[in-house]
Every structure is written in C-alpha cells, then in structure tokens.
Amino acid sequence: MARLLHNLLLLTVGLTLKIRVMGYWSLIYGYCALCTGVALLKLGWNIILRPSTTFQWTVRETPPACLNDTSLGTHCYVRIKESGLRFHYVAAGERGKPLMLFLHGFPEFWFSWRHQLREFKSEFRVVAVDMRGYGESDLPSSTESYRLDYLVTDIKDIVEYLDYALCHPSQMLKSSYYFFFQLPHYPEFMLSINDFKALKSLFTSRSTGISCKGRWLTTEDLEAYLYALSQPGALTGALNYFRNVFSVLPLSHSEVRSPVLLLWGERDAFLEQDMAEACRLYIRNHFRLNIISGASHWLQQDQPDIVNRLIWTFIKEGEGRKHYRNL
C-alpha cells in the first residue's frame with residue numbers, strides 16, 4: 001500500500017510539472033501570436049498609407065563622420081579565447097588605469113556611450129564594446145550562439161584581455177517586443193520597412209525616444225545607428241539575443257557581491273520601476289538606486305551630465321573608491 005501511494009505521489013508530481021511546463025510555453029507562444037497579429041495590422045496600415053515607401057530602403061555603405069571622431073577613442077579589435085570570435089571596441093584613456101567597461105543593449109552599439117567615453121577617460125581606461133552580433137563585432141549566424149552563458153563568457157574573456165594588470169504583469173506588457181522577436185525573419189522585415197522607420201521611432205518618438213530636448217539625436221547620430229543596423233546580418237544578430245531568452249528561464253538567483261550603482265529613467269517605456277527596486281534582493285554589497293526624473297530608456301544619451309555626475313560620486317565615495325582601486 002505504501003509503495004502504491006509513493007508511486008501515485010510521483011505520478012502526481014510529474015503530471016503537475018508537465019502541466020506547468022505546458023502552461024509556461026502556451027503563455028509564451030500565445031503572446032507571440034498576439035504580437036504577430038498586431039504587427040500584421042501595422043504592416044497592412046503602412047501599406048495602405050504609404051504604398052510607395054513601405055518597401056524602400058537606403059543603402060548605407062559609408063559610415064557617418066561621427067563614428068570616426070578621434071575624441072571618442074581608438075578603434076580596436078580582439079579575438080577572445082573561448083569562442084574565437086572577434087570583438088570590436090573603442091578605447092580611450094591611458095593603459096594601466098582602472099578599467100571602465102561599457103556594455104550596450106538593443107538596438108544600440110558602442111556609440112551610445114560616446115558621452116561617457118569623453119567624460120571618464122581622464123581617470124580610467126574606458127572601453128565601449130560592440131557585443132556579439134552588433135556593429136563591427138562578429139555576427140554568429142545561429143540563434144544558439146546567443147545563449148546567456150556564452151554572453152557572460154564573452155564579457156569575462158574581454159575583461160581578462162583588457163585588464164592591464166517576469167514577476168510583474170505590467171512589465172510583460174512593456175516587454176511585448178520580446179515575444180514578437182521570437183519569430184524568424186518577420187521582425188527584421190518589420191523593423192526595416194520604410195527605411196528603418198521603426199528603429200528611428202525608438203529614439204525619436206514622444207513615447208519611447210530621448211526626452212531631454214537638448215540631447216535629441218542629430219541627423220548624423222541617427223545615421224550612425226542606421227548604418228550599423230543596416231549592414232548584412234546586423235538586425236538578425238541583435239534580435240538573436242531575445243530569441244534565446246525563454247530557453248534559460250527561470251534564472252537561478254545568483255547573488256551580486258560587488259558594489260552596485262543602478263541608474264533608471266523615470267520615463268522608461270520598456271522597464272517598470274518596480275524592477276529596479278527588486279534588484280535589491282540579489283545584491284549583497286553596497287547598493288544605490290537613482291531614478292532620474294524625466295529621463296527615458298536611453299539614459300546615458302538622454303541625461304549624460306547627470307549620469308556622469310552620479311557615476312563620479314559613486315566611484316569617489318567609500319565603497320565605490322575601494323572597489324575600483326582593487327580592479
């Protein structure tokens with residue numbers, strides 16, 4: 001009898017787990033289908049309103065002058081040992097000074113850190129990297145190449161080379177693009193029609209764009225992004241980060257033992273402020289959160305003076321100074 005009850009318990013646990021897994025993937029694919037439907041409606045509306053321009057693209061063969069601005073630093077390349085991939089980065093400041101490494105998100109590249117490269121090169125060796133699949137770094141073709149553990153290894157190897165010695169429903173709505181990006185090929189198409197109008201809108205629209213009037217992207221700045229993302233395979237490489245995200249969920253709760261400064265835009269269109277507060281649970285060291293009033297998702301470009309000042313303050317106060325001296 002005891003053995004029968006034990007087997008029934010195992011069967012019940014196994015069945016419960018399968019139901020949870022099926023429910024999880026049903027939610028993922030269901031939301032993907034919803035996002036696809038919305039995207040199809042937008043495409044149809046675009047074709048109706050702009051039939052002559054929807055399928056026109058500008059060929060961008062020459063980089064704009066701002067990408068070759070020597071005041072930002074020197075363009076360098078490194079082939080890291082673990083993956084064998086070649087990474088592009090821009091570096092400024094004297095070798096031997098503490099390393100300050102800048103890593104970007106979608107749909108940016110090294111250029112998004114231009115204000116910080118200029119600001120911190122006096123006391124640091126500042127480096128802004130093109131992540132794998134972006135800019136002039138290598139673009140692995142398979143989605144599998146963008147697994148989270150590979151990305152972590154990239155950063156570890158780059159740092160070694162350069163060392164010169166979903167709990168919120170509202171967040172799910174804001175992250176709907178994660179689900180849309182799971183589709184093959186179609187997101188690349190939608191982001192590129194009307195000469196990459198959707199990408200331009202990310203940086204310039206009232207709802208998602210840079211908020212500070214004096215910091216709006218110039219025509220040349222915007223062309224820098226479009227040049228980088230219009231190169232063959234560039235959009236696919238950038239989107240492959242998102243196409244791997246659900247395969248590694250739920251993430252294990254690792255603790256961060258380094259001092260952390262978290263800067264957050266009050267008007268971030270893609271991330272809930274509650275997510276910033278939740279980060280405290282995983283940090284076992286000095287933690288400071290600054291919500292910057294009126295700032296957008298593109299924080300370091302939107303409010304560079306405030307961002308730079310807060311970074312300087314964090315570095316020069318007790319915990320931050322102690323940490324960077326040990327780098």
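Computed from a prediction, not measured in an experiment: that's the story for all the values here. Throughout, numbering of the chain's residues begins at 1 and tracks the sequence.
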Between H286 and E317, do the side chains contain a donor N or O and an acceptor N or O under 3.5 Å apart? yes
Between E160 and K81, is the closest basic N to carboxylate O distance under 4.0 Å? yes
Answer yes or no: is there an ion pair linking D221 with R215, defined by an N-O contact shorter than 4.0 Å? no
Centroid separation F102 to W110 less than 6.0 Å: no
Residues which pass side-chain hydrogen bond (donor to acceptor under 3.5 Å, both in side chains) with H104, listed by chain and number, not counting sequence neighbours: none
Heavy atoms only: give me the nearest L72-A92 pair and the separation to one decimal. O-CB, 3.7 Å
With a 6.0 Å cut-off (strictly less than), is the heavy-atom count around CZ of R267, excluding the residue itself, greater than 12? no
Test of understanding: with side-chain hydrogen bond (donor to acceptor under 3.5 Å, both in side chains), list the residues that count as partners of Y225, not counting sequence neighbours. Q301
Is it true that the side chains of T143 and R243 contain a donor and an acceptor less than 3.5 Å apart? no
Name every donor-acceptor pair, under 3.5 Å, that has one atom in a side chain of residues 57-67 and the other anywhere in the protein, sequence neighbours excluded.
from : atom 1 : to   : atom 2 : distance (Å)
W57  : NE1    : S192 : O      : 2.5
W57  : NE1    : S192 : OG     : 3.3
T58  : OG1    : D195 : OD2    : 3.1
R60  : NE     : E223 : OE1    : 2.9
R60  : NE     : E223 : OE2    : 3.4
R60  : NH1    : T58  : O      : 3.4
R60  : NH1    : D195 : OD1    : 3.1
R60  : NH2    : D195 : OD2    : 3.1
R60  : NH2    : E223 : OE2    : 3.2

Would F179 end up clustered with L34 when hydrophobic side chains under 4.5 Å apart are linked, directly or stepwise? yes
Pair S137-M131, side-chain contact (heavy atoms from CB on, under 4.5 Å): steps then yes or no: CA-CA 7 Å; S137 292; M131 304 291 284; over 6 Å; no
Apply side-chain contact (heavy atoms from CB on, under 4.5 Å) to the pair Y89 and I158, showing each step before the final yes or no. CA-CA 10 Å; Y89 63 93; I158 289 170; over 6 Å; no
Pairing donors with acceptors under 3.5 angstrom, does anything connect the side chains of E119 and W312? yes
Would H88 and F109 count as a close aromatic pair, with their ring centres under 6.0 Å? no
Please report whether the ring centroid of F87 lies less than 6.0 Å from that of Y161. no
Work out which heavy atom in P51 is nearest to a heavy atom in I48; give both atom names and the distance. CD-O, 3.7 Å
Does the side chain of F314 come within less than 4.5 Å of N290's, by heavy atoms? no
Using a distance-only test with no angle check, is there a side-chain donor-acceptor pair under 3.5 angstrom linking N308 and Q116? yes
Quick check: do L235 and F196 have side-chain heavy atoms less than 4.5 Å from each other? yes
Under the criterion side-chain contact (heavy atoms from CB on, under 4.5 Å), I'd like the reasoning laid out for F189 against F55: C-alpha separation, chi angles, the key distance, then a yes or no. CA-CA 9 Å; F189 172 73; F55 304 109; 3.3 Å; yes
Would you say Y150 and Y241 are hydrophobically clustered, going by side-chain heavy atoms of ILVMFWY under 4.5 Å? no
Is V90 linked to I155 within one hydrophobic cluster, defined over Ile, Leu, Val, Met, Phe, Trp and Tyr using a side-chain heavy-atom separation of less than 4.5 Å? yes
For the aromatic rings, using the six-membered ring if either is Trp, is the centroid distance between Y177 and F270 under 6.0 Å? yes
Smallest heavy-atom separation, T208 atom then S205 atom, equals OG1-OG, 2.8 Å
Report whether M275 and V256 are members of the same hydrophobic cluster (ILVMFWY, side-chain heavy atoms less than 4.5 Å apart, transitive linking). yes
Do D138 and R79 touch side chain to side chain, with heavy atoms closer than 4.5 Å? yes
Quick check: is Y77 connected to L117 through a chain of hydrophobic side chains (ILVMFWY, heavy atoms under 4.5 Å apart)? no
